[in-house]
Amino acid sequence: MGFKLSALSLALVGCLTAQPAQAQTNSTGIKVEPGLTLWRIAYTYPQRGNLSVDKMMELIFFANPQAFSSDDYTSLRAGSVLVMPQTESQQSVASTQNKVLEPEQEQNPETPQTSVTAAPKAQPPKNVTPVSSVSDTTDYSNYVFPEESKQSALQTDGKLALETRYFPQDAAYTGQSQTQFSGSALLEFYLPWNDEYDGISFSPYYRYDSEDEERTHADIRELKYFHVGDSWEVHVGIDKVFWGVTETLHLVDIVNQTDFVEAPDGEDKLGQPMVHLSTLHDWGTLDFFVLPYFRERTYPGWEGRLRGPLAVDPDKVIYESAQEQKHVDYAMRWSHSWNNWETALSAFKGTSREPQLINSQNADGQLQALAFYPQITQVGIESLYIVNSWIWKLEAIRRQGNLIEDYTASDIGFEYTFYGVNDSVIDVGLLMEHQYDSRGAGISMSQNDLFIGTRIAFNDVDGSEILAGFAQDLDYSDSRSMLLEAKTRLSPAWTANLDIWLFDGKSPEEMSYWIRQDDFVQLSVEYHF
Amino acid sequence: MLNLKRITASLLLVAALVISPLSLADDAAKGLEIAKERKARDAGWGSSESDTLMVLRDAQGNESVRAIRAKALEVKGDGDKSLTVFDQPADVKGTAFLSFSHIEDADEQWLYLPAIKRVKRISSNNKSGPFMSSEFAYEDMSSFELAKYKFNYLRDEKLNGLDCFVVEATPTDRFSGYTKIISWIDKQHYRVMKNEFYDRKKALLKTMTMSDYQLYLDKYWRPKRLDVINHQTGKSTSLIVKQINFNVDLDDNDFNKNSLKRVR
């Protein structure tokens with residue numbers, strides 16, 4: 001037989017036939033009690049056989065137009081009596097005993113046909129309560145896994161996004177506009193071989209922006225070859241790596257340059273050319289990096305918001321090293337985790353990813369900012385301790401150089417999560433992080449700031465999440481920023497994101513004064529494939 | 001007559017009081033024996049790789065499909081290791097989940113977020129939380145360990161024509177979302193055919209049925225289909241194992257943060 005029916009539902013059939021008829025006007029139908037849905041009726045209908053719930057719903061719907069107030073499955077009228085369409089599977093119920101023990105059977109080409117027109121002979125379920133053991137028997141055997149379809153062939157994925165930003169306040173600097181539209185595309189090509197012990201990946205990225213020509217840009221996020229050995233692996237080419245444990249600042253994360261025009265949180269990164277060797281040991285993981293080419297940070301242009309009084313000249317860049325972008329940088333990191341502890345130590349020597357901005361006059365006498373990239377040495381520590389619902393996090397760096405003020409910076413905090421609040425499936429996390437930078441407020445926006453926030457995971461089918469919080473400057477009481485990030489899935493392929501950033505900075509000697517007029521709301525929709 | 005009844009009743013009560021501690025202990029011992037045998041029959045499977053579909057249904061019957069691939073490694077003397085990759089829906093494609101179950105300590109879990117290439121340690125305290133917003137909780141997905149429960153044999157019962165032991169398991173972990181799990185375990189092969197889960201308020205929360213059991217390596221039974229229905233919300237989830245292979249070439253090196261970052 002080409003259908004399956006779990007044996008327990010057979011027991012139910014037995015119960016139902018044995019019970020005396022209830023107060024139903026039609027002995028072959030189901031009376032719709034208030035609160036009963038079409039889905040539940042279809043789902044629990046013992047004679048559904050191998051029909052999918054959807055198909056069963058369709059059959060009931062078409063057999064009972066009188067029971068629906070509109071052309072919609074959800075418009076089932078309470079009190080109406082449904083004529084249950086006959087499915088042929090009813091006739092073969094007896095032969096499905098012990099089905100669970102038999103190996104999966106071939107799909108019979110003569111799949112039981114359903115006849116809607118035939119006089120209803122179905123046994124009426126008495127009282128359609130949730131039946132635990134009635135399985136949905138939808139045939140998913142035709143589903144092709146991405147894994148199967150790829151079979152060492154080229155795999156292509158991507159993301160297209162449309163985004164709009166609105167800045168409600170007047171611009172602080174001339175030339176800036178209040179609305180901004182943008183579109184971006186990220187493609188990901190992946191070609192593995194040798195059972196994925198070797199492979200190539202390629203991810204080009206492009207963004208178009210309606211206002212800011214500096215934000216319209218292209219990048220190669222990834223173009224690399226990798227090989228995986230027994231307890232080592234090597235990645236050669238343009239790649240992206242992430243270091244760090246904290247949420248609000250990413251102090252130790254130094255390998256990739258920030259793609260700052262993307263978002264003010266600095267989490268978007270430019271592809272970095274590298275040779276990366278990773279070795280595994282009992283005492284931890286060692287990562288070595290040779291970085292032969294430097295990427296300059298992206299900055300908003302004159303038309304762009306979220307910048308200082310002067311736009312940064314993208315064409316005139318100053319380096320401490322005479323080798324400029326060809327200076328070879330080195331980095332290494334040791335990381336290890338014990339049960340509840342994770343720690344990493346890292347070191348970097350080379351061109352600072354963070355430039356100093358210098359005001360200068362160009363040939364036309366116009367003032368502009370120039371980016372100066374000094375040579376630095378940085379050591380960093382990351383640590384994380386997890387106990388029950390607490391996660392304690394720490395990141396700290398020490399950065400030194402001949403042409404910079406040596407400094408220390410840290411980000412220390414925790415995340416505590418309430419799982420399943422009020423017996424729901426919603427998780428609510430509380431976050432607190434303290435940010436410190438010894439250089440002070442004139443250079444760093446996080447010299448002595450406290451971030452307090454919450455992360456709400458709805459754990460719904462659309463993967464909805466909200467992150468909200470604010471950072472208060474503890475030295476300048478009138479300086480703070482707030483953010484809200486919300487995302488949800490609109491369909492299997494589409495997602496929507498809402499981002500709100502508010503900046504409050506009234507002290508000109510403090511850096512957030514620059515962006516005091518740049519509150520914005522951003523709405524974006526993304527298509528994933 | 002009435003007096004006689006009362007006397008008989010009190011005698012019975014006394015008898016019950018005297019006998020029941022013994023029989024309770026017997027039931028606990030028998031429950032543990034059954035659980036041990038169940039565990040023993042499943043020992044030695046080594047490693048596996050599987051492709052699975054997860055079909056989520058809300059109370060209205062709207063379906064949502066997730067595709068996951070998983071690698072699992074048996075760890076002698078401790079809980080298993082597993083690495084799960086999400087292929088669907090498209091926006092979470094490449095997101096991966098690494099889990100080390102432990103018998104005594106809390107499980108260790110990491111999530112890989114491919115967009116920012118970040119491996120994030122996550123708390124394993126969300127045992128009762130939904131796995132991928134399904135009706136399976138994280139604790140339903142972790143390996144079966146004797147030390148995680150206290151057992152009690154309840155009765156023998158036929159389920160779908162199969163002779164089964166009915167055993168009650170009480171989680172010892174205070175972070176478990178269940179007060180008890182009642183399992184129907186078939187007497188011949190010690191396979192779990194059905195589980196009933198009771199929530200923290202001791203109300204029936206959900207029922208899980210395993211079906212389409214297949215025999216692998218001539219020794220290990222695995223269901224190709226698991227169905228969970230949540231009686232309190234009307235939501236349900238079907239887990240359909242499309243393919244599972246044993247004796248795959250996997251070792252510890254396939255279950256670390258580097259391999260987590262590599263999965264596609």
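The figures here come from the full heavy-atom set of this structure, side chains too, leaving out hydrogens, waters and symmetry mates. Within every chain, numbering begins at 1; the chains are lettered A, B, ... in the order of the sequence lines, protein sequences first and strands thereafter. Note that the coordinates shown come from a computational prediction; the quantities given were computed from them, not determined experimentally.
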Can the ring centroids of B:Tyr220 and B:Tyr213 be said to lie less than 6.0 angstrom from one another? no
Stepwise ring-ring contact (aromatic ring centres under 6.0 Å, His included) test for A:Phe418 and A:Tyr416: CA-CA 7 Å; A:Phe418 298 95; A:Tyr416 180 87; 4.9 Å; yes
Under a 4.5 Å heavy-atom cut-off, does chain A meet the side chain of B:Lys235, its backbone, both or neither? neither
Do A:Tyr205 and A:Glu262 pair up side chain to side chain, a donor and an acceptor below 3.5 Å, judged on atom types alone? yes
Against chain A, work out which of B:Val92, B:Ile116, B:Asn258 has the most heavy-atom pairs shorter than 4.5 Å and name it. B:Asn258
Engaged part of A:Tyr419 at the chain B interface, taking heavy atoms whose separation is under 4.5 Å: side chain
Do B:Arg66 and B:Ser64 have side-chain atoms, one donor and one acceptor, less than 3.5 Å apart? yes
Testing the 3.5 Å rule here: is there a donor-acceptor pair between the side chains of A:Glu342 and B:Trp110? yes
Please report the C-alpha distance between A:Lys159 and B:Asp91 in whole Å, then the side-chain angles of each, then the deciding distance to 0.1 Å, and finally whether the side-chain contact (heavy atoms from CB on, under 4.5 Å) criterion is met. CA-CA 8 Å; A:Lys159 182 174 93 175; B:Asp91 60 294; over 6 Å; no
Measure B:Asp105 against the heavy atoms of chain A and call it side chain, backbone, both or neither at under 4.5 Å. side chain
Can you label the angle between the B:Tyr178 ring and the B:Phe197 ring as parallel, tilted or perpendicular, going by 30° and 60°? tilted
Between A:Phe414 and A:Trp392, what is the ring plane arrangement, given parallel below 30°, perpendicular above 60°, and tilted in between? tilted
At a heavy-atom separation under 4.5 Å, does B:Lys201 approach chain A through its side chain, its backbone, both, or neither? side chain
Chain B interface, residue from A:Val425, A:Ile386, A:Asp423, A:Val387 that has the most non-hydrogen pairs under 4.5 Å: A:Ile386
Ranking A:Asp462, A:Val245, A:Asn256 by heavy-atom pairs under 4.5 Å to chain B gives rank one to A:Val245
Would you tell me whether B:Tyr216 and B:Gln214 have side-chain atoms, one donor and one acceptor, within less than 3.5 Å of each other? no
Where on A:Ser201 is there a heavy atom nearer than 4.5 Å to chain B: the side chain, the backbone, both, or neither? side chain
Give, as side chain, backbone, both or neither, the part of A:Arg489 having an atom under 4.5 angstrom from any heavy atom of chain B. side chain
Just so I understand: if I count every heavy-atom pair under 4.5 Å between each of A:Asn459, A:Asn339, A:Asp253, A:Ile391 and chain B, which residue has the most? A:Asn339
Would you please say whether a donor-acceptor pair under 3.5 Å links the side chains of B:His102 and B:Asp107? no
Quick check on A:Trp232 against chain B: is it the side chain, the backbone, both or neither that has a heavy atom closer than 4.5 Å? neither
Could you look at B:Asn256 and say if it's the side chain, the backbone, both or neither that has a heavy atom under 4.5 Å from chain A? side chain
For the candidates B:Ala115, B:Ser128, B:Ala59, B:Ser124, which exhibits the highest count of non-hydrogen atom pairs separated by less than 4.5 Å from chain A? B:Ala59
Contact part of A:Thr495 toward chain B, heavy-atom cut-off under 4.5 Å: side chain, backbone, both or neither? side chain
Under 4.5 Å from a heavy atom of chain B, the part of A:Ser337 involved: side chain
Contact class of A:Asp157 relative to chain B, heavy atoms under 4.5 angstrom: side chain
Is a donor from one side chain sitting under 3.5 angstrom from an acceptor on the other, for A:Ser389 and B:Asn125? yes
B:Ser134, part contacting chain A, at a heavy-atom distance under 4.5 Å: neither
For B:Asp58, is it the side chain, the backbone, both or neither that has a heavy atom under 4.5 Å from a heavy atom of chain A? backbone
Among A:Asp460, A:Asp427, A:Thr285, A:Ile426, single out the residue with the greatest number of heavy-atom pairs under 4.5 Å to chain B. A:Asp460
Can you tell me which portion of B:Leu215 sits under 4.5 Å from chain A's heavy atoms? Options are side chain, backbone, both or neither. neither
Is B:Lys261 in contact with chain A via its backbone, its side chain, both, or neither, using a 4.5 Å heavy-atom distance? neither
Are a donor atom and an acceptor atom from the side chains of A:His276 and A:Asp239 found within less than 3.5 Å of each other? no
Counting only heavy atoms closer than 4.5 Å, note whether B:Phe175 contacts chain A via side chain, backbone, both or neither. side chain
Donor-acceptor pair between A:Glu233 and A:Ser278 side chains, under 3.5 angstrom: no
